[in-house]
Amino acid sequence: MADTSVSTGGLSKLNIALWVAQVLLAIAYGLAGFAKTTTPIAELVTQMGWVQDWSPTMVRFIGAAELAGAAGLILPAVTRILPWLTPLAALGLCVIQIVAMPVHISRGEFGVLPINLVLLTLALFVIWGRWKKSPIAPR
C-alpha cells in the first residue's frame, strides 16, 4: 500500500513531527521577533547584549524577519495556499541562525549556541520534510 501522506499531508508520524517542529519554531521566532520589533532598544540591550553592536534599524529588521518566518512556517501550510512558502520560511530562519552563531561566538556568548543549534536543526528538518518527504499539497 502506497504512503499517501506525501501527497495529501496525512497524519503520518513524520507529518506530525514536522507540524510540532513548525509550531515550536513559530512560537520561538514569533516571541523573539515581537520583542525585537516592539521593545525599546535600550531595554533590549539589557536582555540581548548583541543589540548594542547593531543599529536599531537592523535589530528591528531582524525582528520583522523573524515574525515573517514564524508566519511563513504556519500560514501557507494551514491554508494550503502557496504551501511551498513554508520550507522557504524555514530556509530564511536558517540564515538568521547561521548569521547569529558567529555573532555570539565573537562576543563570547557561548551559552546561546545550543539554542542556535536547536533552532537551526529544527528549521533544517522542516526544509527537508516539507520539500522532500511530506510536502503540503496545495488547494
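Counting heavy atoms from C-beta on, the side chains of Leu25 and Val126 come closer than 4.5 Å. The closest side-chain heavy-atom distance from Ile27 to Leu31 is below 4.5 Å. Taking the side chain as every heavy atom from C-beta outward, Phe110 and Ile105 approach each other to under 4.5 Å. When side chains are defined from C-beta on, Val112 does not count as touching Trp50, because their heavy atoms never get closer than 4.5 Å.
Note on residues 55-74: pairs passing side chain to side chain donor-acceptor pair (under 3.5 Å), not counting sequence neighbours, are Lys36-Glu66.
The minimum heavy-atom distance between Ala71 and Pro76, with the atom names listed, is O-CD, 3.6 Å. Contact between Ala64 and Thr37 at its shortest, heavy atoms only, is N-CG2, 3.4 Å. Heavy atoms only, all atoms of each residue included: Ile96 and Ala65 are closest at CD1-CB, 4.1 Å. Closest heavy-atom contact between Pro102 and Val99: CD-O, 3.3 Å. Of all heavy-atom pairs between Ile136 and Pro83, the closest is O-CG, 3.3 Å.
Rounded to the nearest 0.5 Å, atoms CG (Asn15) and CD (Gln22) are 8.0 Å apart. Separating the CZ atom in Arg130 from the CG atom in Leu88 is a distance of 14.0 Å, to the nearest 0.5 Å. A distance of 11.5 Å separates CD1 of Ile127 from CG of Leu18, quoted to the nearest 0.5 Å. A distance of 9.0 Å separates CG of Leu124 from CG of Leu91, quoted to the nearest 0.5 Å. For the atom pair CG of Asn116 and OG1 of Thr121, the computed distance is 10.5 Å after rounding to the nearest 0.5 Å. If you take CE on Met101 and CD on Glu109, they are separated by 14.0 Å, rounding to the nearest 0.5 Å.
Atom CH2 of Trp54 sits in a sparse spot, with 12 or fewer heavy atoms from other residues, nucleotides or ligands closer than 6.0 Å.
Side-chain N or O atoms of Thr86 include one that pairs as donor or acceptor with a backbone N or O of Gly72 at under 3.5 Å. A donor-acceptor contact shorter than 3.5 Å links the side chain of Arg80 to the backbone of Ala137.
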**Request:** Output, in order, the C-alpha distance, side-chain angles, deciding distance and verdict of side-chain contact (heavy atoms from CB on, under 4.5 Å) for Leu73 and Leu93.
**Result:** CA-CA 10 Å; Leu73 287 170; Leu93 297 174; 3.5 Å; yes

**Prompt:** Are Gln47 and Leu44 close enough, and set up right, to give a side-chain contact (heavy atoms from CB on, under 4.5 Å), and what steps lead you there?
**Reply:** CA-CA 5 Å; Gln47 301 167 3; Leu44 272 180; 3.8 Å; yes

